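These figures come from a predicted structure and were not determined experimentally. Worth knowing before you read on, the calculation uses all heavy atoms, side chains too, and leaves out hydrogens, waters and symmetry mates. Here is how names work: the chains are called A, B, and so on, in the same order as the sequence lines, proteins then strands, and each is numbered from 1.
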Amino acid sequence: MEEGQQVVMRFAPNPNGPPTLGSTRGIVVNSEYVKRYGGKFIIRFDDTDPQTKRPMLEAYDWYIDDCKWLGAEPDEVVIASDRIPIYYEYAKLLIEMGHAYVCFCNGAEFKKLKDSKQACPHRNTSPGENLEKWEKMLSGEYEEKTAVLRIKTDIQHKDPALRDFGAFRIIRTPHPRPEVDDKYCVWPLLDFEGAIEDHELGMTHIIRGKDLMDSEKRQGYIYSYLGWTYPKTTHWGRVKIHEFGKFSTSGLRHAIEEGEYSGWDDPRLPTLRALRRRGIMPEAIRKFMIDMGVGETDISISLDTLYAENRKIIDPKANRYFFVWDPVHIEIKGREHCIATPPLHPTEDRGNREIEAGPQLYICREDADKLTAGSKIRLKELCNIEITSLEPLQASYLDDSIGSVKKEKVKIIHWAPADGIPVTVLSPDGEFRGIGEKQIATELDNVVQFERFGFCRVDDVGKEIVAYYTHK
RNA sequence: GCUCCGAUAGUGUAGCACGGCCAAUCAUGCAGGACUCUCACUCCUGCGACUGGGGUUCGAAUCCCCAUCGGAGCACCA
């Protein structure tokens, strides 16, 4: 990238669902360049398809919200469906110049001709006549699918993808935005809308997916007809995330409607809202995306890298608590009531928590399963015990000293008091239910670490704790 | 079918536009160890790659060609 030049870049989603990890690359990478070089970051909603990829009203705010959360607050917000008249003007201009024509072929017919490098019968219509037909299109005289405005390129071009492409089509479905609704029945297609907007908004650079490489070549025709210079472009390859595989916004939407997921922030989903709810920090996501670079290679990446990034950020901040999943009751004979005071954090000096402990406790089943009568074990920050019975699980109190434990390398496990608070952890791999220490209730919205379990974000602290699993 | 793009360790990435400083960087992962009243954190050590074949050159990860593999476009989707 050049020195000392101000940059104008954009992120242009169709708000037909919330931002996902896929969209995030566009947000982070583009905004990062603007941060580094100075300039303007624009979010432009390419919401010009009221039908097939129908925008979702709530999603506009979701995008802006998630951009802010990611530290990529846009300097300007543009909504394409507000700017249809601009596109009409340029369409008219191009028709007058003889670079666009109204085509009445049906899709299959046109494709056949195009594939054999044949011009369709409408290609040679005079600008004047095209103008009339264009007006008719706009005034609603034609039915859906009967007419389309095409941009002339080179019908003989060796790359079929670049031969005369569609610029506007007729859609009678009203737009979901109430301010637009049924105002228009002629809608621009991406290559046209994007071409005009990128120029109108003064874009200097565009970084987007490789799938839009041909877009640049198609739009190049419009740019040269209008005497414009195309922004500098860079492309990135296809990204596949191991944990999520292939997904599409419409597919997710369907699954949510079917009740397969609890909503757009279901912890199993690759949406930003879900990751946020799980306690993934925006800085971690930014770093993850930036380290990925902008190579054209198709990549298949694991979330482990994101988790490692996130762990570095949250580990010093997350207070530690005991959460016993799949709990098993254990009785400690000879143990008085007392208050255990484990530190909130092992290395950061942040004080201690208090847990009232009596003879009745819970431990994890997976720990209990490893016990045999006579085994010695240390209850972390509490005391040492010796198992006396497995069914029911009982133990006798030995002592409190930690010294012997270290010397003898006795296994240390965590525990929860009998009167602890119920905890449910929602994770991508399912739910974990158990008992935790009551003080977890003071951590609403915070990411904590359940010792020997993993990091979680405390989502609700009513009668029971609901936490979303972050990662190990 | 036509067209376009890409290919460095398990994964991601640096290096490639201006060939030698690359027996190839960094991160993550994995293995071993230290530390630790967590299976977290931290620290140490180790593992591991230029897709293949030709060519150009004194010299190629870097340039050229072919092959293979991967991806994308050819929508009245974005």
Side-chain angles (χ1 to χ4, degrees), chain A residues 12-16 45-49 51-55 80 103 105-108 110-111 114-117 144-150 157-163 165-171 186-191 193-194 208-215 217-218 235-240 242 248-250 287-288 290-293 295-309 311-312 314-316 318 320-322 340 342-343 345-348 366 378-384 401-403 405-406 410-414 449-455 471-472:
Chain A
N14 174 10
N16 62 340
F45 292 106
D46 283 349
D47 58 346
T48 55
D49 177 9
Q51 203 163 57
T52 318
K53 284 193 178 171
R54 177 159 241 263
C103 172
C105 298
N106 71 41
F110 184 81
K111 182 172 167 44
K114 185 190 66 178
D115 284 346
S116 55
K117 303 186 178 178
E144 275 187 15
K145 308 233 176 208
T146 57
V148 46
L149 186 77
R150 286 187 198 287
H157 199 288
K158 64 170 182 170
D159 184 348
L162 303 188
R163 299 174 198 152
F165 61 91
F168 288 85
R169 80 304 208 185
I170 299 165
I171 295 178
V186 174
W187 288 90
L189 284 146
L190 174 79
D191 281 325
E193 180 265 330
R208 60 183 164 199
K210 222 166 53 163
D211 50 321
L212 265 2
M213 264 178 158
D214 286 339
S215 245
K217 294 183 190 148
R218 281 189 289 261
H235 304 93
W236 57 66
R238 210 181 92 129
V239 186
K240 200 163 77 191
H242 294 334
S248 69
T249 306
S250 49
K287 184 140 198 310
F288 179 65
I290 290 165
D291 285 354
M292 209 143 66
E296 287 186 20
T297 319
D298 300 315
I299 58 175
S300 180
I301 195 168
S302 161
L303 245 26
D304 282 348
T305 316
L306 171 65
Y307 294 160
E309 231 39 85
R311 189 151 37 229
K312 282 179 198 153
I314 62 177
D315 185 80
R320 270 51 175 177
Y321 293 97
F322 290 158
H345 195 281
T347 52
E348 310 280 317
E366 62 185 68
R378 164 112 182 137
L379 297 174
K380 193 177 175 187
E381 296 286 347
L382 186 64
C383 64
N384 307 322
S401 95
I402 184 68
V405 168
K406 289 191 173 178
V410 172
K411 175 98 174 140
I412 299 165
I413 64 168
H414 70 293
Q449 188 204 47
F450 291 148
E451 295 197 37
R452 306 211 300 143
F453 180 73
F455 294 93
H471 47 64
K472 193 126 207 72

Contact class for [X] (heavy atom, under 4.0 Å): base, sugar-phosphate, or nothing?
| X | result |
| --- | --- |
| A:E381 | base |
| A:R218 | sugar-phosphate |
| A:F455 | sugar-phosphate |
| A:T347 | nothing |
| A:N16 | nothing |
| A:N14 | sugar-phosphate |
| A:R54 | nothing |
| A:I299 | sugar-phosphate |
| A:C105 | base |
| A:L190 | base |
| A:S215 | nothing |

Salt bridge flag under 4.0 Å for residues [X] and [Y]:
| X | Y | result |
| --- | --- | --- |
| A:E296 | A:K210 | no |
| A:D49 | A:K53 | no |
| A:R311 | A:D304 | no |

Between [options], which nucleotide gets closest to the side-chain atoms of [X]?
| X | options | result |
| --- | --- | --- |
| A:D304 | B:C74, B:U28, B:G71 | B:U28 |
| A:R311 | B:A78, B:U38, B:G29 | B:G29 |
| A:Q449 | B:G1, B:U38, B:C39 | B:U38 |
| A:K158 | B:U3, B:C74, B:C77 | B:U3 |

If you compare every side-chain N and O of [X] against the phosphate oxygens of [N] (OP1, OP2), does one of them come in below 4.0 Å?
| X | N | result |
| --- | --- | --- |
| A:R208 | B:A78 | no |
| A:T48 | B:A78 | yes |
| A:K312 | B:A27 | no |
| A:R378 | B:C37 | no |
| A:K406 | B:C37 | yes |

Item to complete: Check whether NZ of the Lys or CZ of the Arg A:R150 lies under 6.0 Å from the centre of the six-membered ring of A:F168 and within 45 degrees of that ring's axis.
Response: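 Judged by the rule (NZ or CZ under 6.0 Å from the ring centre, within 45° of its axis), A:R150 is not positioned above A:F168.
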Between the base of [N] and the side chain of [X], is there a donor-acceptor distance below 3.5 Å?
| X | N | answer |
| --- | --- | --- |
| A:K53 | B:C77 | yes |
| A:E309 | B:U28 | no |
| A:R320 | B:A40 | yes |

Discussion item. With nearest nucleotide decided by heavy atoms, which residue, A:P346 or A:R238, maps closer to the 5′ end of RNA chain B?
Written reply: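 With A:P346 and A:R238 compared, the 5'-side residue is A:P346.
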Worksheet item: A:R169 or A:L162: which one's nearest nucleotide on RNA chain B is closer to the 5' end?
Response: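 The residue whose closest nucleotide sits nearer the 5' end is A:L162.
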Item to complete: Find the distance A:L189:CG to B:C74:P and express it as a whole number of Å.
Response: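 Checked: the CG to P distance equals 11 Å.
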Worksheet, complete the sentence: Output field dot_bracket for RNA chain B (Watson-Crick or G-U, both distances under 3.5 Å, | for other-strand pairs) contains (((((((..(((.......[.....)))((((((.......))))))...(((((..]....))))))))))))....
Fill in: Short side-chain donor-acceptor distance under 3.5 Å, A:H414 and A:R452
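Yes - a donor-acceptor pair under 3.5 Å links their side chains.
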Practice prompt. Can you establish whether the number of heavy atoms outside A:K117 located under 6.0 Å from its atom NZ is more than 12?
Written response: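 Check passes, neighbour count above 12.
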Practice prompt. Check A:D46 against A:A80 and note the closest heavy-atom contact, atom names and distance.
Written response: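 Nearest pair, atom of A:D46 first, then A:A80: CA-CB, 4.3 Å.
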